[in-house]
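Everything below concerns the one structure shown next.
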There are 2 protein chains.
Amino acid sequence: MGIVRKTKSVQTLLTIFENTEVALSSANLVKELAHSMNKTTVYRILDRLESQGLLHSFQGFDGVKWYAKCQGCSKEHHNDRHPHFQCRDCGKTECLSADFNIPELSNHKVEYAQLLLTGQCAACAQL
Amino acid sequence: MGIVRKTKSVQTLLTIFENTEVALSSANLVKELAHSMNKTTVYRILDRLESQGLLHSFQGFDGVKWYAKCQGCSKEHHNDRHPHFQCRDCGKTECLSADFNIPELSNHKVEYAQLLLTGQCAACAQL
DNA sequence: TTGCTAATGCAACTTAGTTGCATTAAATTT
DNA sequence: AAATTTAATGCAACTAAGTTGCATTAGCAA
């Protein structure tokens with residue numbers, strides 16, 4: 001897992017992610033944690049947790065970076081081939097357990113794919 | 001199609017998109033066109049061309065907005081459900097003619113999906 | 001050719017994220 | 001338990017992408 005120090009800031013972020021089922025944007029975490037840590041620290045910890053396989057990230061429709069906890073990822077291998085969903089009404093952003101397949105392309109060597117969905121979440125669509 | 005004036009700047013951008021088969025990022029267009037038009041103008045024209053159904057846009061892995069010309073889109077209906085590919089080596093970003101399917105989700109009302117792929121393009125993978 | 005107003009330019013601003021460097025504090029060693 | 005090492009943090013300054021307000025310009029219709 002590499003040399004990692006369990007600092008207060010790291011533990012704060014780990015606790016936040018352990019206690020949520022949704023994805024969180026770096027920009028928003030910076031705002032929420034402004035009183036307790038520097039924004040540079042937030043960005044750097046998120047980076048580190050991702051390269052350690054504890055978090056994974058993806059780009060939202062809004063162009064900001066979102067993070068969510070990993071299940072079954074390691075430093076060596078990220079196992080997050082699942083779609084992400086952003087609710088157009090409440091903004092809730094989450095990992096979906098569904099699988100998706102990547103189209104076969106003869107003239108490209110596809111290494112990574114990201115499927116991003118939007119629409120209404122259960123609550124907003126009143127499903 | 002709404003009230004649209006064919007200004008020099010609009011024509012410049014239309015010509016650029018007509019003469020390319022790849023997607024172009026707004027940020028890069030701003031840089032390339034800095035001598036001939038203001039960056040605000042670039043952003044506003046791209047916006048307008050998109051809402052007129054002449055261009056469509058998507059977020060890249062880099063978090064910047066990319067635009068490409070539409071085929072068969074109108075102001076009323078955008079018909080760009082195709083994946084986009086960004087080459088990790090040369091940065092070439094393109095629309096793929098392949099189709100893709102959206103996973104069935106009982107507890108979400110999916111309205112729009114974006115599939116973004118990365119890896120190596122034909123030239124960089126020497127296919 | 002005149003008048004209307006869409007479109008542009010400009011300056012100032014916002015938001016997300018990065019960089020360099022001095023300082024602090026985990027964790028290891030003595 | 002103190003000393004040491006260096007990962008991690010804070011801070012300030014910066015960059016890059018994009019937005020906003022407002023005065024000015026230039027398509028285009030009458």
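Small disclaimer: the values here were computed from a predicted structure and weren't measured. Below, read A as the first sequence line, B as the second, and so on, with proteins coming before strands; counting in each chain starts at 1.
Looking at which nucleotide of DNA chain C each of A:Lys6 and A:Lys65 is closest to, the 5′-most match is held by A:Lys65. When each of B:Lys8 and B:Gln59 is assigned the nucleotide of DNA chain D bearing its nearest heavy atom, the one mapping closer to the 5' terminus is B:Gln59.
Listed nucleotides: C:dG9, C:dA16, D:dG18. Nearest to the side chain of B:Lys39: D:dG18. Across D:dT19, D:dG18, D:dA8, the shortest atom-to-atom separation from the side chain of B:Val64 is found for D:dG18. In the set D:dT19, D:dG10, C:dT8, C:dT8 carries the atom at the smallest distance from any side-chain atom of B:Arg44. Nearest nucleotide to the side chain of A:Thr41, out of D:dT9, D:dT5, D:dC11: D:dT9. When distances are taken from the side chain of A:Asn38 to each of D:dA17, D:dT6, D:dG10, the shortest belongs to D:dG10. Residue A:Arg48 places its side chain closer to D:dA8 than to any other of C:dT8, D:dC11, D:dA8.
With rounding to whole Å, A:Trp66 atom CH2 is found 16 Å from C:dG17 atom C1'. Distance B:Gln11 CD to D:dG27 C1': 11 Å, rounded to the nearest Å. Distance, A:Leu46 CG to C:dG17 C1': 12 Å, rounded to whole Å. Between the CG atom of B:Leu49 and the P atom of C:dA7 there is a distance of 10 Å, rounded to whole Å. Rounded to an integer number of Å, the gap from NZ of A:Lys31 to P of C:dT15 is 7 Å. Rounded to an integer number of Å, the gap from CG of B:Leu13 to P of C:dA7 is 14 Å. Separating the CG atom of B:Asp47 from the P atom of C:dT8 is a distance of 12 Å, rounded to the nearest angstrom. In this structure, the CG atom of A:Asp62 is 17 Å from the P atom of D:dA17, given to the nearest Å.
Contact check for B:Ser25 versus B:Asp62: no side-chain heavy atoms found under the 4.5 Å cut-off. Put simply, the side chain of A:Gln59 reaches to within 4.5 Å of the side chain of A:Lys65, judged on heavy atoms. The shortest distance between side-chain heavy atoms of B:Leu116 and B:Thr118 does not fall below 4.5 Å.
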Do B:Glu94 and A:His108 pass the side-chain hydrogen bond (donor to acceptor under 3.5 Å, both in side chains) test, and can you show the C-alpha distance, the side-chain angles, and the key distance before you say yes or no? CA-CA 11 Å; B:Glu94 50 189 326; A:His108 291 80; 2.8 Å; yes
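The phosphate of D:dG18 has OP1 or OP2 within less than 4.0 Å of a side-chain N or O from B:Ser26. Here B:Thr7 reaches the OP1 or OP2 of C:dT8: one of its side-chain N or O atoms lies under 4.0 Å away.
For C:dA6, its base sits under 3.5 Å from the side chain of B:Arg5 at one donor and acceptor pair at least.
The aromatic rings of B:Tyr67 and B:Phe17 stand perpendicular to each other, their planes meeting at an angle above 60°, with 30° marking the opposite boundary.
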